[in-house]
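Quick notes on the structure that follows.
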There are 2 protein chains.
Amino acid sequence: MSVREPGARSASVKDVAAAAGVSLGTVSNVLNRPDRVSPGTRERVLKAMTDLGFVRNESARQLRAGTSRTLAYVMLDASNPFFTDVADGIDAAAEAADLSLVLCNSRDSASREQSHLALLEQQRVQGILVTPVDPDSPSLDEVARRGTPVVVVDRTRADQSFCSVAVDDVLGGRLAVEHLLDRGHTRVAYVGGPAHLGQVHDRLEGARSAWAAAGHPEDALAVIETSALTVAEGREAGARLAGIPTRRRPTAVFCANDLVALGLLQHAISSGVRVPDEIAIVGYDDIEFAAAAAVPLTSVRQPRQLLGRTAAELVLDEATNVGHTHRQVLFTPELVARSSTLG
Amino acid sequence: MSVREPGARSASVKDVAAAAGVSLGTVSNVLNRPDRVSPGTRERVLKAMTDLGFVRNESARQLRAGTSRTLAYVMLDASNPFFTDVADGIDAAAEAADLSLVLCNSRDSASREQSHLALLEQQRVQGILVTPVDPDSPSLDEVARRGTPVVVVDRTRADQSFCSVAVDDVLGGRLAVEHLLDRGHTRVAYVGGPAHLGQVHDRLEGARSAWAAAGHPEDALAVIETSALTVAEGREAGARLAGIPTRRRPTAVFCANDLVALGLLQHAISSGVRVPDEIAIVGYDDIEFAAAAAVPLTSVRQPRQLLGRTAAELVLDEATNVGHTHRQVLFTPELVARSSTLG
DNA sequence: CCTCGGTGTTGAAAGGTTTCAATCCGACGG
DNA sequence: CCGTCGGATTGAAACCTTTCAACACCGAGG
């Protein structure tokens, strides 16, 4: 029952074999094909294992077997509920395939992402799912080229160099603005940034197309750019909005994600602006906190779990199926109307 | 530039050595002690590596070296922002120690937790941080006894069998209720559950002690038990609260965590109950969404990142320091008063 | 009594990296 | 010209598990 000192060597199959008085091949059989071993010896071996505190050395196992039983998701930002929901979906699929999932958080840093990718590659994980800081980064291609299946999650890329799973952001933007037009709004603002983010850009594009289709002059759709998609930036944008004279102030706002929308909502309420009467708000992602906001938020829902599950399935196909061909899956978003636009 | 088929063997040091016309010892030197190798050969070896798409095999490395460079955090519920903040703190410490952090999500399931622990142990990670489903589970002891440093995060245990890092929940409960007493409330309810959770129990205990210290009869502190600490349960509790006749209805509520508080807040606002005038609300954890709520939430702040950072430091000490002794660190929470109690 | 079939067990090889003692080679001092 | 020294390179062993062909044993069938 003693505790091992740091650095002390742990028991190996050889030790177990010696203690049980069998060969080490037999110990291995107990671990991997217990039915091949007679009950008597099996008991003896198992007892020796618990006595010695034997722990199978996964490195050696994997070295010999050449294969690992884990999948990895390198997430962009673990504190955004959207990504943890995606991770849940991946987890479900991994569990179904009897793999375990490890998560790495790059916290928006390309270098952290880089070192996670390197380590996972060296560990010979079955596949890597990643929401990259920059989808065009060549290091993704390198990892894939060297043989580790890579699937890009919630981002896309012009070329088709690997599988990806994403949601149609242009359509999402269109849905949001069409909804606002249906509700009779004629002065609308889009809030989000930085502009170079694919999501921010695509959602705006969708918004503009719906706006133009309704016959409004394109440049009458105001754009308020933020420096990040966070709650704090949303509040900030709310303040800027409040500075616009009432007669010209938008009566509705479409935010690039729910965090921004929640910040904006908070600013509105705390400064006495009524939602949706004076200003209607549409968010994006439909995270749990959107429905739970003080004024439940109308939002564009993305199939988060499904996104994760599908990505996991793609990476597994690539890992096991020789005839695999890359696919770009694009899901359809859906508008969920709640009080923040419905009065 | 060709892509390897699934199952194809990747290049090894031996292949690199052959391609560069050196021995494999030299290749290893290039990887581990580049200064020992003359610039000429080094270049040649590096070129061979990129040509062949060489990826160091971490299993073999670790098998030989006997040590890994990773730390793991087995989190209880990745979709609770509280835990992702703790993970950020751990990550910071890991980065400082030049280790990489992998996250596993047990999603409130003891069996998932179990299999994550087993795998991590077999991978010989440097240490395991865990917020367990059940802190008294004997499998934690077994892992520790067999030699992997284990630190329990945000939970405690009667015995001192390993290091733990937690926050004084009894004090937190006291702070919350003292604040409400200061604001003149005389009818207060505690909302949380299930009761067997250590946190739920301790916070209530603290609440009761403050309540009694103010001379109020102990049983006059109402308790509304929920079946989980979620937003949905918070809404539910709000509905139950609303069912109490006004004259007997509590004028203030102390919730066992912010998710419950946010749900309760949402119910109040949507049914026209004014916060804090008709009902004051105190949450617990001070997650980011608490400050960003429509009525910013008064909450008991826990030092989340510090919790994580300290836990990581403890596990590293245990992993490297032979003279390590277990410590139970208890942090002090702090009340953050906002509009939900301040009018 | 011998052979056969089957069950249970063994021993050695393989997998990729790191380490370290040993070797090699060129340069330099004597 | 020889011996020596230092830096660069090599080869073999070790890490632990898994696999698989070979072996020992036993009872049944001929």
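Note that this is a predicted model, so its numbers are computed, not measured. Only heavy atoms go into these numbers, but all of them, side chains included; no hydrogens, no water, no symmetry mates. Order of the sequence lines fixes the chain letters, A, B, ..., with proteins taken first and strands second; residue numbering starts at 1 for each chain.
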Heavy-atom donor-acceptor pair, B:S79 side chain to A:T84 backbone, under 3.5 Å: no
| Heavy atoms under 4.0 Å, any strand shown: does A:N32 hit a base, just sugar-phosphate, or nothing? | sugar-phosphate
So the contacted stretch of DNA chain C, first to last nucleotide with an atom under 4.0 Å from a non-hydrogen atom of chain A, runs from C:dG8 to C:dG16
Testing D:dC16, D:dT10, D:dA14 for proximity to the side chain of B:R64, the answer is D:dA14
In whole angstroms, the gap separating P of D:dG6 from CZ of B:R36 amounts to 15 Å
From CZ of B:R42 across to P of D:dG7 the rounded distance in Å is 15 Å
Each nucleotide N or O in nucleotides 23-26 of chain D that has a protein N or O under 3.5 Å away: list the pair and distance.
none

From CG of A:L24 across to C1' of D:dC15 the rounded distance in Å is 13 Å
So, does A:S68 use its side chain to make a donor-acceptor pair with the main chain of A:R124 at under 3.5 Å?
yes
By nearest-heavy-atom nucleotide on DNA chain C, the more 5' of B:R33 and B:S59 is B:S59
Are any of the side-chain nitrogens in B:E58 or B:R61 under 4.0 Å away from the carboxylate oxygens of its partner? yes
- prompt: With a 4.0 Å cut-off, would you call B:R112 and A:E95 a salt bridge?
  reply: yes
Comparing A:S28 with B:V22, nearest DNA chain D nucleotide closer to 5' gives the residue B:V22
Quick note, B:T26 side chain, CB onward, closest among D:dT18, D:dA8, D:dT10 is D:dT10
- At under 4.0 Å between heavy atoms, what does A:V27 touch on the DNA or RNA strands: base, sugar-phosphate, or nothing? nothing
Strictly by modelled atom types, are A:S106 and A:S109 linked by a side-chain donor-acceptor pair under 3.5 Å?
no
B:L63 atom CG is separated from D:dC16 atom C1', nearest whole Å, by 5 Å
Per nearest nucleotide of DNA chain D, the residue lying toward the 5' end, B:T41 or A:V13, is B:T41
Exercise. Look at the side chain of A:D85 and the backbone N and O of A:R304, then say whether any donor-acceptor pair between them is shorter than 3.5 Å.
Key: no
With the side chain defined as heavy atoms from C-beta on, B:S38 is closest, among D:dT10, D:dC16, D:dA8, to D:dA8
Does the side chain of A:R157 come under 3.5 Å of the side chain of A:S161 through a donor N or O and an acceptor N or O? yes
A:N29 atom CG is separated from D:dT17 atom P, nearest whole Å, by 14 Å
Rounded to whole Å, the CD-C1' distance (B:Q62 to D:dC16) equals 12 Å
A:K14 NZ to D:dA14 C1', in whole Å, measures 9 Å
Here the gap from B:Q305 atom CD to B:I90 atom CD1, rounded to the nearest 0.5 Å, amounts to 10.5 Å
query: Between A:R107 and A:D77, is there a salt bridge with N-O shorter than 4.0 Å?
result: no
